[in-house]
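Working notes for the structure below.
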Amino acid sequence: MKLATWNVNSLKVRLPHLLQWLAENPVDVLCLQETKLTDDKFPLAEINAAGYNVVFTGQKTYNGVAILSRHPIEDVVKNNPRFADEQQRIIGATIEGMRIICAYVPNGQMVDSDKYVYKMSWLTSLREWLCEELRTHEQLAILGDYNIAPEDRDVHDPVAWAGQIHCSDGERAALASLVELGLCDSFRLFEQPEKSYSWWDYRQLAFRRNRGLRIDHILLSPKLAKRCVACVIDRNPRTWEQPSDHTPVVATIE
DNA sequence: ATGGCTAGTACAACTAGA
């Protein structure tokens, strides 16, 4: 089983990339973030034609998440039941006995801003909900754009980013508290190339200079982590014309 | 140098992303 996550930064613009990537990488499950589409505009027929079932929850202009699957999708949940949220940032479902949660964690904008406060309370509530979900689902994966670089090695310039948004102690502690639930960062189960990132700014040739952050993650429950044999970042779509600023992350479960 | 791109909304510049 291959599980993947990709922040597409507008599914309307990136649908051709999505279809091309799926044709080259026929993963079992793909979680999308930042679809930026209301549900009536979701490209259901195109995704079905590519061989995928899909569930989604979106809104105008911002946010929006979806789960694509080659297998049947059951027990769908939209948003965190413990957190009343106008913003469509979470969708979960059970696929082949695995609980799959697709999450688009708030950006936070600036440390101590209103958006940062929202990000932190969103993460606190996420932890509480995941704690419950883990009691009933031993095989659980939470995939998405966390908007948090876990460690300095996940940041191209740790000095410049020290204490900044995505790298602050509060955000890193919030991510660590998810890990304390028993979830593990599948990427770090394996030896990885140095300077591995999943996002690069559109500006100043950041991708060409590999000035990026690793903020897209696949966290696995202990049972799934034991079965995980690989986790890779696929930089290839970031080289395509008119790319998303994020690139896919793929975990392989045996 | 707090900018630099990109996408959405809507048709002129804004907000937002990270």
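Each chain gets a letter, A, B and so on, in the order the sequences are listed, and its residues count up from 1.
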query = Hey, is the side chain of Tyr104(A) poking within less than 4.0 Å of OP1 or OP2 on dA18(B), counting only N and O atoms?
reply = yes

message = Pick the closest DNA chain B nucleotide for Arg203(A) and for Lys60(A) by heavy atoms, then say which residue is nearer the 5' end.
response = Arg203(A)

ask   = Whole Å only: how far is the CD atom of Gln109(A) from the P atom of dA18(B)?
value = 11 Å

inquiry  = Of the options dT15(B), dA7(B), dA18(B), whose atoms approach the side-chain atoms of Asn9(A) most closely?
reply    = dA7(B)

inquiry  = Does Asn147(A) reach a base, just sugar-phosphate, or nothing at all? Heavy atoms under 4.0 Å.
reply    = sugar-phosphate

message = By the 4.0 Å heavy-atom rule, please label Asp216(A) as base, sugar-phosphate, or nothing.
response = nothing

message = Say we look at dA13(B) and dA1(B): how far apart would their P atoms be, to the nearest angstrom?
response = 29 Å

inquiry  = Without decimals, in angstroms, what is the distance between Leu205(A) CG and dG4(B) P?
reply    = 15 Å

task = Take atom CD of Gln88(A) and atom C1' of dG8(B), then tell me their distance rounded to the nearest Å.
result = 17 Å

message = Is there a side-chain contact between Gln242(A) and the phosphate of dC5(B), meaning an N or O under 4.0 Å from OP1 or OP2?
response = no

inquiry  = Taking any heavy-atom pair under 4.0 Å as a contact, classify Arg14(A): base, sugar-phosphate, or nothing.
reply    = sugar-phosphate

ask   = Within this structure, what is the NZ-to-C1' distance between Lys12(A) and dT6(B), rounded to whole angstrom?
value = 14 Å

task = Describe the nucleic acid contact of Glu34(A) in one word from base, sugar-phosphate, nothing, applying a heavy-atom distance below 4.0 Å.
result = sugar-phosphate

query = Side chains of Ile142(A) and Leu130(A): closer than 4.5 Å at any heavy-atom pair?
reply = yes

task = Measure from CZ on Phe207(A) to P on dT6(B) and round the result to the nearest Å.
result = 14 Å

task = For dA12(B) versus dA7(B), give the span between their C1' atoms, rounded off to a whole number of Å.
result = 16 Å

request  = Determine the interatomic distance between P on dA10(B) and the same-named atom on dG4(B); round to the nearest Å.
outcome  = 23 Å

Distance (rounded to the nearest 0.5 Å) between Met98(A) CE and Gln139(A) CD = 7.0 Å

message = Starting from Leu3(A), can I reach Tyr146(A) by hopping between I/L/V/M/F/W/Y residues whose side chains sit under 4.5 Å apart?
response = no

key: Phe207(A) and its ring pair (Phe, Tyr, Trp, His ring centres under 6.0 Å) partner, picked from Trp200(A), Trp240(A), Tyr202(A)   = Trp200(A)

message = I want to confirm an ordering. Mapping Ser10(A) and Ile215(A) to their closest nucleotides on DNA chain B, which one lands closer to the 5' end?
response = Ser10(A)

query = For the side chain of Tyr62(A), counting heavy atoms from C-beta on, which of dA16(B), dA18(B), dG8(B) is nearest?
reply = dA16(B)

key: Geometric cation-pi criterion, Arg214(A) with Tyr197(A): 6.0 Å, 45°   = no

ask   = Quick one: Asn63(A) CG to dG17(B) P, roughly how many Å, whole number?
value = 7 Å

message = Just N and O in the side chain of Lys115(A): are any of them under 4.0 Å from OP1 or OP2 of dG17(B)?
response = yes

message = In this structure, how many angstroms lie between the C1' atom of dG3(B) and the CD atom of Gln204(A), rounded?
response = 8 Å

Whole angstrom value for the distance that separates P of dG8(B) from CD of Gln59(A) = 14 Å

Rounded C1' spacing from dT15(B) to dC11(B) in Å = 16 Å

inquiry  = Work out how far the C1' atom of dT2(B) is from that of dA18(B), and round it to whole angstrom.
reply    = 14 Å

ask   = Would Ile253(A) end up clustered with Trp6(A) when hydrophobic side chains under 4.5 Å apart are linked, directly or stepwise?
value = no

